[in-house]
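Worksheet for the structure shown next.
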Amino acid sequence: MNTSFTNTNLFGAILFAFAFAASSSLVFADSENAHIAIENPAELSKNEALKHYRSLNRRMARGYAAAQLDLILNYQSWPLFNDAPYISATHGQRFVNSYANRMAHNYATLQKGEELPMGSVLAKDSMTVTDEGRIHPGAMFIMEKLANGANPDTADWRYIMVLPDGSVFGDTLGDRAGEVAYCHVCHEQVADRDYTFYVPEEYRKSE
């Protein structure tokens with residue numbers, strides 16, 4: 001493997017190392033918090049994906065809570081913008097859910113050139129379902145909208161990745177900031193939507 005990375009291929013490399021493990025069936029983990037990085041996700045119907053998520057969501061909430069981040073406290077009570085977990089290629093081929101706090105009131109309707117207000121928090125929890133049917137919690141991916149000018153390098157967004165056991169993999173305003181620097185590189189694709197992706201159309205909740 002090439003060990004010389006630009007910001008762009010750093011994004012890909014970490015996803016492979018952390019989320020895919022490509023051809024090696026690598027298992028990150030131990031005990032109850034084990035989670036598997038897989039090459040190919042299972043093909044699930046919406047009902048199947050919902051069933052698996054419901055079997056894990058309490059465990060996932062407990063795990064992320066160990067990070068002691070007030071900004072994601074009780075995140076599962078926030079508005080949820082998808083009707084079932086969906087596969088996100090940019091989050092390691094995991095099944096994700098898109099939550100946003102009440103401050104992010106215009107997340108679903110954001111138009112080109114508009115912005116989310118300061119204090120908006122977007123949270124994607126995730127689960128891995130292998131093609132053999134094994135199910136494991138995945139990481140949580142968090143974006144927090146900061147005050148104007150707080151961090152020009154990331155367009156005033158803070159990015160955090162929390163592992164299933166509550167370990168903070170990286171925080172652009174804290175420890176291991178470089179480990180999640182690729183997040184903003186990816187989100188620059190949607191700079192005209194205030195750097196936020198939205199739920200795929202077929203998974204959006206109806207009004």
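Just so you know, these numbers use all the heavy atoms, side chains as well, and skip hydrogens, waters and symmetry mates.
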Q | Of all pairs that satisfy side-chain hydrogen bond (donor to acceptor under 3.5 Å, both in side chains), the ones with a partner from residues 111-120, not counting sequence neighbours | A | none
Q. Looking only at heavy atoms, which two atoms of Thr196 and Met143 are closest? And how far apart?
A. CG2-CE, 4.2 Å
Q: State whether the side chain of Asp194 and the backbone N or O of Pro117 hold a donor-acceptor pair below 3.5 Å, judged by distance alone.
A: no
Q: Taking the six-membered ring of Phe169 (Phe, Tyr or Trp), confirm whether the NZ or CZ of Arg176 is under 6.0 Å from its centre and within 45° of its axis.
A: yes
Q.
Contact between Arg94 and Met127 at the side-chain level, heavy atoms closer than 4.5 Å - yes or no?
A. no
Q. Going through the distances and angles, do Gln93 and Ile87 end up as a side chain to side chain contact (heavy atoms under 4.5 Å, CB included)?
A. CA-CA 6 Å; Gln93 295 289 78; Ile87 291 176; 3.8 Å; yes
Q: Run the ring-centre check on His52 versus Phe95 and record whether the distance is less than 6.0 Å.
A: no
Q: Identify the heavy atoms of Ala100 and Leu122 that sit nearest to each other, and give their distance.
A: CB-CD2, 3.6 Å
**Q.** Test item: Lys145 side-chain N/O and Gly119 main-chain N/O as donor-acceptor pair under 3.5 Å
**A.** no
Q.
Is there a path of hydrophobic side-chain contacts, each under 4.5 Å between heavy atoms of I/L/V/M/F/W/Y residues, joining Val168 to Leu146?
A. no
**Q.** Partner set under side chain to side chain contact (heavy atoms under 4.5 Å, CB included) for Ser167, not counting sequence neighbours
**A.** Leu163, Asp165
Q) Does Asp70 reach the main-chain N or O of Leu73 with its side chain, forming a donor-acceptor pair under 3.5 Å? A) no
Q: Tell me, with the steps shown, if Tyr198 and Phe81 meet side chain to side chain contact (heavy atoms under 4.5 Å, CB included).
A: CA-CA 9 Å; Tyr198 194 53; Phe81 293 86; 3.5 Å; yes
Q. Is any side-chain heavy atom of Phe197 closer than 4.5 Å to a side-chain heavy atom of Gln189?
A. yes
**Q.** Gap between atom CG of Leu69 and atom CE of Met140 - 0.5 Å precision
**A.** 9.5 Å
Q | Transitive ILVMFWY side-chain link Leu50 to Leu80, under 4.5 Å | A | no
Q.
Treating Asp171 as the side-chain partner and Ile160 as the backbone partner, does any N or O pair qualify as donor plus acceptor under 3.5 Å?
A. no
(Q) Quick check: closest heavy atoms across Pro137 and Leu56, and the distance to 0.1 Å? (A) N-CD1, 4.1 Å
Q.
Can you give me the closest heavy-atom contact between Lys205 and Asp83, atom names plus distance?
A. CG-N, 3.9 Å
Q: Provide the closest heavy-atom pair for Ser126 versus Val96 in the form atom of the first, atom of the second, distance.
A: CB-CG1, 3.9 Å
Q) Are any side-chain N or O atoms of Asp156 and backbone N or O atoms of Asn151, one a donor and one an acceptor, separated by less than 3.5 Å? A) yes
Q: Sort out for me which residue in Trp157, Phe141, Tyr159 forms a ring pair (Phe, Tyr, Trp, His ring centres under 6.0 Å) with His187.
A: Tyr159
Q.
Using side chain to side chain contact (heavy atoms under 4.5 Å, CB included), reason through Tyr53 and Asp125 one step at a time and then give a plain yes or no.
A. CA-CA 10 Å; Tyr53 181 64; Asp125 63 8; 2.5 Å; yes
Q: Report yes if the side chains of Met161 and Ile142 come closer than 4.5 Å at any heavy-atom pair, otherwise no.
A: no
Q. Given the rule in the side chain to side chain donor-acceptor pair (under 3.5 Å) test, do Tyr195 and His184 qualify, once you have shown the distances and angles that lead to the verdict?
A. CA-CA 8 Å; Tyr195 299 88; His184 189 65; 4.9 Å; no
**Q.** The single option from Tyr64, Tyr107, Tyr75 passing ring pair (Phe, Tyr, Trp, His ring centres under 6.0 Å) against Tyr99
**A.** Tyr75
Q: Say whether, by atom type as modelled, one donor and one acceptor occur between the side chain of Arg204 and the main chain of Asn82 under 3.5 angstrom.
A: no
Q) What heavy-atom pair brings Pro164 and Gly138 nearest, and what distance separates the two atoms? A) CG-O, 3.3 Å
Q: Take Gln76 and Asn57 through the test side chain to side chain contact (heavy atoms under 4.5 Å, CB included) and record every step on the way to the result.
A: CA-CA 8 Å; Gln76 289 180 353; Asn57 64 352; 3.6 Å; yes
(Q) Looking at Arg158, is its backbone amide N or carbonyl O close enough to the side chain of Thr154 to form a donor-acceptor pair, meaning the two atoms are under 3.5 Å apart? (A) no
